[in-house]
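Each chain gets a letter, A, B and so on, in the order the sequences are listed, and its residues count up from 1.
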Amino acid sequence: MLFQTQPFILVFLPLTLAAFWLCAGSERWRQYALIAASLVFYSYWDVRFLPLLLGQIGITWVLARLSSEGRNLPVIVLGVLINLGSLATFKYLDFLTGALEAATGLALPRADLVLPIGISFFSFQLISYLVDLRRGDAPLYPLRPFALFVLVFPHLIAGPIVRHNELVPQFALDPRRPGLAQRFSVAGALFALGLTKKVLLADHLAPAVDALFGKAVHQTLTFGEAWTAALGFTLQLFLDFSAYTEMAIGIALMFGLILPENFRQPYLSTSMRDFWRRWHISLSNFIRDYVYIPLGGSRRGEARYVIATLLTMAICGLWHGAGWTYVAWGVWHGIGLIVCRYWQRLERPMPAPLAWLVTMLFVIAGWVLFRAVDFTSAGSILQSMVGFNGFSGKLEWWRLMLGAAVVSLFMPSAHTLKDRYIVPHPLLAFVVAIFAAICVLEVGKGAPTPFIYFQF
Amino acid sequence: MTNLGSRIQNLRINDWIAAQRDGSDNPTRWRRFAKTMLATFIGGLAICYAFILIVDPYQVVPFSPPMPRPNIDTSQRHFYPAIIRHGNFDSIIVGNSTSRLLNPDIFDAHLGGRFANLGMNAATAWEQMQMAGLFLRVRGAPKTMIVGLDQAWCDQRADQPGHILTIRAFPDWMFDDNPWNDFLYLLNGKTLETAVRVVMTDLGHGRIRLGANGFSVYTPPDDSYDLAAAQHRIWGDREHKVVPVVPPVVLSDAESDALTFPAHPWLDSQLAANGNRTRTIFVWVPASIAVLPAPGSRDAAVEEVCKTRIDAIARRHGVTVIDWHIHSKLAADDSTFWDPYHHRLPIAERIQNDLFKALAGENEAADGAWIVREHGR
């Protein structure tokens with residue numbers, strides 16, 4: 001079930017809110033209500049994957065119990081391997097088979113498994129819990145709040161990646177606590193803003209972007225088309241994912257839960273390090289804490305830093321999808337981070353507009369690699385962008401892209417909106433409600449466009 | 001750039017926001033905010049939905065009040081089910097836009113019966129059969145059914161996604177026999193816009209684009225025809241001629257047998273369901289030689305296999321098959337068409353008149369524009 005569809009907005013969400021608030025006085029029953037709603041939400045995609053999700057949660061919880069509060073290393077390792085194994089099987093098996101086939105020349109069979117939606121997100125959350133338990137940073141939770149920490153539907157499919165200690169303690173808080181009207185109002189406004197970004201901007205960019213990246217597989221794009229494709233996807237990806245995040249934060253807030261920030265105006269970044277502090281923050285934090293630092297981070301010499309950065313970002317790329325273009329995108333960003341670090345050491349900062357331009361060009365080039373079907377079409381688009389194929393054509397959809405660019409650059413982050421800009425004025429309430437209603441009418445026209453990050 | 005962002009955010013609006021935030025921990029103000037938001041959202045949607053249900057532009061709501069509901073042609077796929085359900089027709093014309101210029105009134109006069117033209121722009125074979133299937137279920141077997149055939153019926157992937165439907169929304173919920181599930185699909189901007197246009201048309205501020213029998217002349221006025229513009233649409237930058245393939249491609253029996261046309265069983269089933277009560281006529285519609293398979297080409301050989309198989313279906317069900325979809329002087333004359341697929345209104349009138357000649361027993365046109373492939377009932 002997609003957040004922006006009529007069944008979700010007009011049926012599922014109101015019913016879930018009604019069930020939750022009917023048992024708001026009981027911690028146990030309101031948690032059951034949320035678990036039940038989350039199971040329905042997940043099953044709506046494909047009920048066949050429900051046992052996998054529940055199995056990973058159950059096994060992780062049991063192993064955590066058997067691990068003597070994390071002191072029993074083999075049990076923790078077993079838990080991590082089971083979660084990684086599930087992820088590897090469903091997401092990477094055919095990719096690894098293909099790599100093996102290319103290396104050996106043997107013709108190997110493919111599993112052709114359907115990717116369970118959200119597996120990257122819930123597997124990472126379960127692994128992070130086991131690692132934290134081992135580190136002594138996590139307690140043993142009862143099954144119900146532990147399951148709810150993974151299952152709670154606003155973040156189940158595409159994050160933000162929430163750590164147990166950010167969420168589990170909130171389950172005990174009474175949702176009727178002071179500030180209820182404010183939380184509910186802000187939640188509704190955030191949801192409406194995200195809905196508007198998704199339906200009126202991102203989804204209108206999608207057809208043009210898809211058509212051009214598809215065309216690039218067979219034909220050389222003109223200079224204008226290549227820039228339209230690159231800029232269009234740059235804007236679409238951010239608007240789509242940040243819209244999802246705002247909707248997720250808004251929905252969670254309706255249940256009294258605060259999800260962490262995921263974006264902080266990333267397209268205003270003036271360096272690659274700055275970019276990764278602003279882009280998909282919950283993933284950045286996760287890979288920093290659970291991959292980059294264990295690999296040595298920046299405190300064990302320069303060589304170790306370079307290796308750790310490249311490896312971490314390659315894994316980050318691979319997390320997004322089982323394809324070499326994703327790995328190359330990750331390495332591209334790893335190189336960017338390394339160059340950025342050594343440039344900053346020279347203590348000769350660029351003027352801010354130039355730094356922004358260089359950063360954005362680097363990011364946009366990376367998104368071409370990220371979105372392209374293969375290296376050939378990515379290379380072709382990048383060549384067209386730098387004029388190797390002439391300078392014909394013009395930027396298409398420029399009015400839509402201009403609007404999308406203004407929103408992408410200057411719309412504050414979800415938490416900034418929540419804490420600062422959503423004020424209790426009836427005019428604002430009226431405007432966001434009108435936009436939400438327009439979006440509901442818009443999405444009723446046909447099949448909804450899935451969020452891009454649902455495929456990861 | 002961070003500074004730029006901050007500066008933009010620090011415009012005067014921030015003063016207003018700061019003023020609003022004073023006392024923002026006041027629950028009463030937030031309660032008013034929440035009530036305004038919910039009332040506007042729910043109320044706005046409820047008003048839109050009520051308006052749609054009352055106007056009922058597609059005539060699917062069982063309890064909508066009686067009022068004129070003109071066919072305003074925003075989507076033939078949405079309007080035609082109502083013509084079938086609520087119109088008093090006993091005969092149909094199905095096809096795509098190339099069949100839309102066939103005038104039902106002319107067929108009423110020559111063949112008897114009450115015809116509706118249900119040709120839809122860019123209709124796939126599957127969509128055309130949905131329309132014919134709905135007519136059969138709702139009105140019974142048609143007295144006469146005319147099917148406009150073109151390359152869509154020779155599509156070897158007609159049953160694949162992207163071929164079975166087009167990018168145009170097909171309202172399959174209108175084609176079932178349950179009127180109550182239709183309510184799930186009516187709350188949307190397109191239906192709201194259509195409802196507003198219906199009301200505006202009733203008030204004299206709109207244009208009725210489709211007759212009650214589905215017919216409309218959708219091409220521009222014929223006196224505005226511009227041959228040079230048409231030729232550009234037909235040929236683009238190509239040379240204005242077709243080069244036959246020599247020697248012609250001849251498919252082996254094995255190659256012919258391997259060809260499958262998924263749309264043919266749909267047609268066969270529909271004819272079988274209609275039964276002997278229906279007189280059926282297939283019309284292969286004309287197309288410019290610019291898009292007809294080049295003579296002697298493999299595509300031409302495949303199309304001939306396709307036509308032969310449709311002939312076989314026609315023989316089984318007593319159908320007359322008239323073929324305009326051939327290389328002829330008419331197809332080679334650019335002034336026949338607005339674009340490679342769409343002929344002009346006088347050509348449509350000739351197709352009608354010559355159809356009656358074919359039914360009267362003629363086998364071909366004097367100028368070679370058409371031939372009868374099968375004579376039926």
Partner set under ring-ring contact (aromatic ring centres under 6.0 Å, His included) for B/Phe41, not counting sequence neighbours:
none
Point-to-point distance, once rounded to the nearest 0.5 Å, from CD of B/Gln130 to CE of B/Met120
9.0 Å
Tell me, side chain or backbone of B/Leu192 under 4.5 Å from chain A's heavy atoms, or both, or neither?
side chain
Just checking B/Phe170 against B/Phe175, ring centres under 6.0 Å apart?
yes
Based on non-hydrogen pairs under 4.5 Å, which of A/Gly444, A/Ser185, A/Gly188, A/Ala433 is most in contact with chain B?
A/Ser185
Contact leader toward chain B among A/Val186, A/Ile422, A/Leu441, where contacts are heavy-atom pairs under 4.5 Å
A/Leu441
Contact part of B/Ile42 toward chain A, heavy-atom cut-off under 4.5 Å: side chain, backbone, both or neither?
neither
Part of A/Leu428 within contact of chain B (heavy atom distance under 4.5 Å)
both
Considering all heavy atoms, the nearest A/Pro178-A/Arg183 contact:
O-NH1, 3.0 Å
Relative to chain B, which segment of A/Leu180 carries a heavy atom at a distance below 4.5 Å: side chain, backbone, both, or neither?
neither
With sequence neighbours excluded, residues passing ring-ring contact (aromatic ring centres under 6.0 Å, His included) with B/Tyr185
B/Trp173
Portion of A/Ile9 that has a non-hydrogen atom of chain B nearer than 4.5 angstrom
side chain
Angle class for the A/Trp279/A/Tyr267 ring planes (parallel below 30°, perpendicular above 60°, tilted otherwise)?
parallel
